[in-house]
2 protein chains.
Amino acid sequence: GVVDKGVDFAQYFCTYAFLYHQKEMLCDRVRMDAYYNAIFKNKHHFQGKTVLDVGTGSGILAIWSAQAGARKVYAVEATKMSEHARTLVKANNLQNVVEVIEGSMEEVVLPEKVDVIISEWMGYFLLRESMFDSVICARDRWLKPTGIMYPSHARIWVAPIRSGLVDKKENDYEEAMDDWRSFVNETKNYYGVDMSVLTKPFEEEQNKYYLQTSIWNNLHPHQVIGTAAVVKEIDCLTASVDDIRQFTSTFFSSVTFESRLCGFGGWFDVHFRGRVENPAQQEIELTTAPSIDNGTHWGQQVFLLQPSVQVSEGTDLNISFSMSRSKDYHRLMVVEFGCDIRHSSGTMLPPIKKSFYIE
Amino acid sequence: GVVDKGVDFAQYFCTYAFLYHQKEMLCDRVRMDAYYNAIFKNKHHFQGKTVLDVGTGSGILAIWSAQAGARKVYAVEATKMSEHARTLVKANNLQNVVEVIEGSMEEVVLPEKVDVIISEWMGYFLLRESMFDSVICARDRWLKPTGIMYPSHARIWVAPIRSGLVDKKENDYEEAMDDWRSFVNETKNYYGVDMSVLTKPFEEEQNKYYLQTSIWNNLHPHQVIGTAAVVKEIDCLTASVDDIRQFTSTFFSSVTFESRLCGFGGWFDVHFRGRVENPAQQEIELTTAPSIDNGTHWGQQVFLLQPSVQVSEGTDLNISFSMSRSKDYHRLMVVEFGCDIRHSSGTMLPPIKKSFYIE
Ligand SMILES: Nc1ncnc2c1ncn2[C@@H]1O[C@H](CSCC[C@H](N)C(=O)O)[C@@H](O)[C@H]1O
Ligand SMILES: Nc1ncnc2c1ncn2[C@@H]1O[C@H](CSCC[C@H](N)C(=O)O)[C@@H](O)[C@H]1O
């Protein structure tokens with residue numbers, strides 16, 4: 001529904017107003033290299049062109065666009081970070097090219113349409129934060145019919161994984177419940193109030209927190225135990241908010257070695273390809289897949305199954321996946337996994353179905 | 001200024017909607033014993049009376065009031081925790097006495113005035129969260145002229161302390177700045193953008209975070225190196241919002257043993273005394289002073305001075321203290337300490353003056 005601007009600032013934008021947080025993104029080498037190469041290996045998209053940077057933060061992408069030869073760059077930022085961006089633009093002598101505009105993209109008015117929209121809008125598991133909505137809004141209002149999106153494409157991936165987190169979270173949950181039970185006893189004995197009626201709601205609360213909420217994690221590639229699949233492809237030039245608000249996907253995954261199936265890992269990649277009539281000279285990919293040396297600040301999202309299930313090479317997983325937005329706050333997501341497991345012997349296990357919150 | 005209700009819910013009330021958070025308070029034995037004894041050792045204030053519990057949370061104080069013999073208890077709670085409170089009241093068979101009302105105290109309408117207002121409104125360093133404003137509002141609208149406040153009095157304390165945190169925070173800050181400087185170098189070398197102009201704002205941001213923000217801590221009594229003083233006394237029956245919105249105090253503190261003066265510790269206590277015409281049969285105190293065995297979830301707030309100063313027995317500290325509310329958010333505070341140090345030899349050190357945020 002309707003977004004309360006004050007609440008959105010309090011809950012979402014607040015962190016972006018800190019240099020500390022911008023620095024975390026600026027220190028992500030994989031992210032930085034991808035955007036840097038996307039721009040500087042495709043200067044033909046920038047030379048003499050007008051560019052819009054949606055959510056400029058520190059201003060880095062706007063500055064690179066200008067350095068690559070843009071005629072004019074509009075750099076829009078909702079938070080007070082815009083002031084630092086303006087300072088940085090000046091210090092790098094680009095104030096005649098880059099115009100920093102403080103305001104939310106949905107409300108800003110530009111004097112002209114642009115040739116390129118560049119933005120680093122990707123949240124955890126791609127869509128958390130729902131910032132792509134603002135990019136779509138910018139595109140529909142300000143991109144020329146011949147314009148180019150940077151990045152141009154995005155994909156969401158899912159794969160079966162093993163993970164010790166399944167035991168840890170189960171333990172944490174059990175401990176919290178043990179603790180609750182002694183608390184109920186003591187409150188009855190010392191203070192004469194029987195709290196046992198709240199055991200069920202407390203259990204639900206803790207269960208949601210420990211077991212039904214996805215977890216940020218840096219997965220090792222060896223933790224991926226079966227084939228990964230794309231559950232969503234986005235063409236940034238044509239996607240609508242309806243396309244990403246809610247979607248489902250089903251796919252097969254084949255287990256590649258004997259292991260425990262502890263749940264699923266989720267990540268994304270984006271590509272910079274220009275557009276068909278005006279392609280990139282060099283296509284660039286930014287992936288947040290499990291990696292030993294090229295981890296990103298996005299890590300992966302882990303969705304745990306309890307109990308874990310023993311599987312082996314050749315076990316077939318028939319997986320259904322759906323994502324939609326949280327009822328309470330549009331920048332958070334709800335995800336549902338279904339999984340049918342067929343061992344290579346032909347035995348089928350009882351189907352699994354579980355919902356998760358991405359908080 | 002004006003409070004945006006949505007923002008206030010997003011930033012402040014949200015945590016109280018979790019049983020997990022209510023449990024933390026319900027597990028604080030010092031807190032629980034104080035309220036329990038205040039009620040059950042002063043049943044004459046409750047028997048046959050009407051009571052208002054401002055911010056009932058789980059409903060515990062309302063239930064105790066009913067168990068102590070109240071005729072009627074209005075239990076007001078702004079968050080969905082009200083539903084759990086209602087369940088708990090029923091499970092303890094008090095639904096004929098306790099009426100749980102979901103709503104913010106400022107807006108709720110009661111059918112009658114009450115004899116007693118009970119509330120656990122104290123935040124870190126007493127006034128953080130500014131919840132006492134809501135108690136004042138309740139009192140002015142709903143307390144009978146002869147009514148009683150539970151608690152009836154509150155005090156804020158300050159004392160000079162020593163603390164290893166002074167070194168730790170200084171280190172953390174230095175590390176963050178070292179890290180920033182390599183970041184600036186790398187960004188220049190690898191990505192062609194000079195970020196050095198942001199060094200000063202980053203330094204200010206980190207300085208505020210590490211060195212100018214008070215810290216939650218459980219102080220050991222031995223860390224208090226001089227006499228403690230009351231900087232604010234509140235009579236809950238008569239205090240106005242203006243009395244607590246902004247105040248100053250100056251006092252002397254005498255150092256009691258040779259040590260490093262690393263800053264100041266702050267805490268509070270409250271008393272349950274009834275009122276002059278209708279006093280408590282047994283006065284109860286709830287203190288959050290540094291203690292070995294009787295720590296509370298409030299701990300103490302620590303305000304660090306850099307650099308620390310060597311002091312000895314007989315060193316006199318002339319301290320000025322002021323507290324006001326944060327410009328940006330009325331539930332947070334800003335505190336200023338001034339300190340003149342006179343060694344027993346008569347030598348005066350250069351005066352210290354420093355502001356802190358309570359976040
Ligand atoms: N609707 C909107 N309007 C303006 N800015 C927005 C926005 N939604 C998100 N933002 C801003 O977009 C930024 C995303 S983080 C990326 C920052 C920068 N482009 C970089 O790549 O380093 C944040 O600073 C956030 O405040
Ligand atoms: N203005 C207001 N109106 C209604 N409830 C409020 C309020 N300000 C704070 N509260 C509620 O007051 C509670 C304070 S915590 C204390 C809870 C309970 N009385 C106990 O002693 O355990 C929180 O649950 C908070 O949501």
Side-chain angles (χ1 to χ4, degrees), chain A residues 4-12 14 17-23 26-27 29 32-33 35-36 40 58-60 63-64 67 81 83-85 87-94 176 179-180 182-184 186-187 190-206 209 329, chain B residues 4-12 14 17-23 26-27 29 32-33 35-36 40 58-60 63-64 67 81 83-85 87-94 176 179-180 182-184 186-187 190-206 209 329:
Chain A
D4 178 319
K5 268 194 72 178
V7 174
D8 214 26
F9 253 86
Q11 294 200 334
Y12 171 61
C14 57
F18 289 97
L19 282 168
Y20 179 82
H21 186 63
Q22 298 285 342
K23 173 170 171 283
L26 295 167
C27 287
R29 278 292 180 84
M32 291 291 274
D33 284 349
Y35 275 87
Y36 185 83
F40 288 100
S58 62
I60 186 75
I63 288 172
W64 282 342
Q67 289 175 336
M81 191 49 57
E83 293 174 10
H84 295 313
T87 308
L88 198 61
V89 165
K90 239 193 189 147
N92 287 270
N93 227 334
L94 295 165
D179 201 60
W180 171 267
S182 8
F183 158 70
V184 168
E186 292 186 14
T187 309
Y190 289 103
Y191 301 116
V193 177
D194 182 357
M195 297 242 167
S196 55
V197 72
L198 295 182
T199 300
K200 192 144 170 288
F202 184 76
E203 189 174 333
E204 279 163 18
E205 189 184 296
Q206 295 296 297
Y209 179 72
Y329 186 51
Chain B
D4 178 319
K5 267 194 72 178
V7 174
D8 214 25
F9 253 86
Q11 294 199 334
Y12 170 62
C14 57
F18 289 96
L19 282 167
Y20 179 83
H21 186 63
Q22 297 285 342
K23 173 171 172 283
L26 295 167
C27 287
R29 277 293 180 82
M32 291 290 275
D33 285 348
Y35 275 88
Y36 185 83
F40 288 100
S58 62
I60 187 75
I63 287 172
W64 283 342
Q67 289 175 337
M81 191 51 56
E83 293 174 10
H84 295 314
T87 308
L88 198 61
V89 165
K90 239 193 187 146
N92 287 271
N93 228 335
L94 294 166
D179 201 60
W180 171 267
S182 7
F183 158 71
V184 168
E186 292 187 13
T187 308
Y190 289 103
Y191 302 116
V193 177
D194 182 357
M195 297 241 166
S196 56
V197 72
L198 296 181
T199 300
K200 191 142 173 286
F202 184 76
E203 189 174 332
E204 279 163 18
E205 191 185 296
Q206 296 295 299
Y209 179 73
Y329 186 51

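Order of the sequence lines fixes the chain letters, A, B, ..., with proteins taken first and strands second; residue numbering starts at 1 for each chain.
Counting only heavy atoms from C-beta outward, the side chains of L19(A) and L198(B) approach each other to under 4.5 Å. Looking only at side-chain heavy atoms (C-beta outward), V197(B) and K90(A) stay at 4.5 Å or farther from each other. The side-chain heavy atoms of R29(B) and E186(A), taken from C-beta on, include a pair separated by under 4.5 Å.
The salt bridge (charged side-chain N to carboxylate O under 4.0 Å, His left out) check on E83(A) picks up K80(A), with sequence neighbours excluded. By the side chain to side chain contact (heavy atoms under 4.5 Å, CB included) test, E204(A) pairs with K200(A), sequence neighbours left out.
Heavy-atom pairs under 4.5 Å with chain B were tallied for Q11(A), M32(A), Q206(A); the largest tally goes to M32(A). Of the listed residues (L88(A), L94(A), D179(A)), the one with the most heavy-atom contacts under 4.5 Å to chain B is L88(A). Note: L26(A) leads T187(A), T87(A), L26(A) in heavy-atom pairs under 4.5 Å with chain B.
The distance from atom OG of S58(A) to atom CE of M195(B), rounded to the nearest 0.5 Å, is 4.5 Å. Residue Y191(B) holds its OH atom at 15.0 Å from CD1 of I63(A), rounded to the nearest 0.5 Å.
Proximity to chain B involves both the backbone and the side chain of F18(A), based on heavy atoms less than 4.5 angstrom apart. In this structure, chain B has a heavy atom under 4.5 Å from the side chain of I60(A), while its backbone stays farther away. Contact annotation for Q22(A): neither backbone nor side-chain heavy atoms come within less than 4.5 Å of a heavy atom of chain B. Interface residue Y36(B): only side-chain heavy atoms are found under 4.5 Å from chain A. With a 4.5 angstrom heavy-atom cutoff, F9(B) does not touch chain A via any of its atoms. Neither the backbone nor the side chain of F40(A) comes within contact range of chain B; no heavy atoms are under 4.5 Å apart. When heavy atoms are compared at a cutoff of 4.5 Å, Y20(B) approaches chain A by way of both its backbone and its side chain. Interface residue N92(A): only side-chain heavy atoms are found under 4.5 Å from chain B.
Side-chain atoms of W180(A) never come within 3.5 Å of backbone atoms of K23(B) as a donor-acceptor pair (strictly under, hydrogens ignored).
Residues H84(B) and P201(A) come closest through the heavy atom pair CE1-CB, 3.4 Å.
At most 12 heavy atoms of other shown residues, nucleotides or ligands fall within 6.0 angstrom of atom OH in Y209(A).
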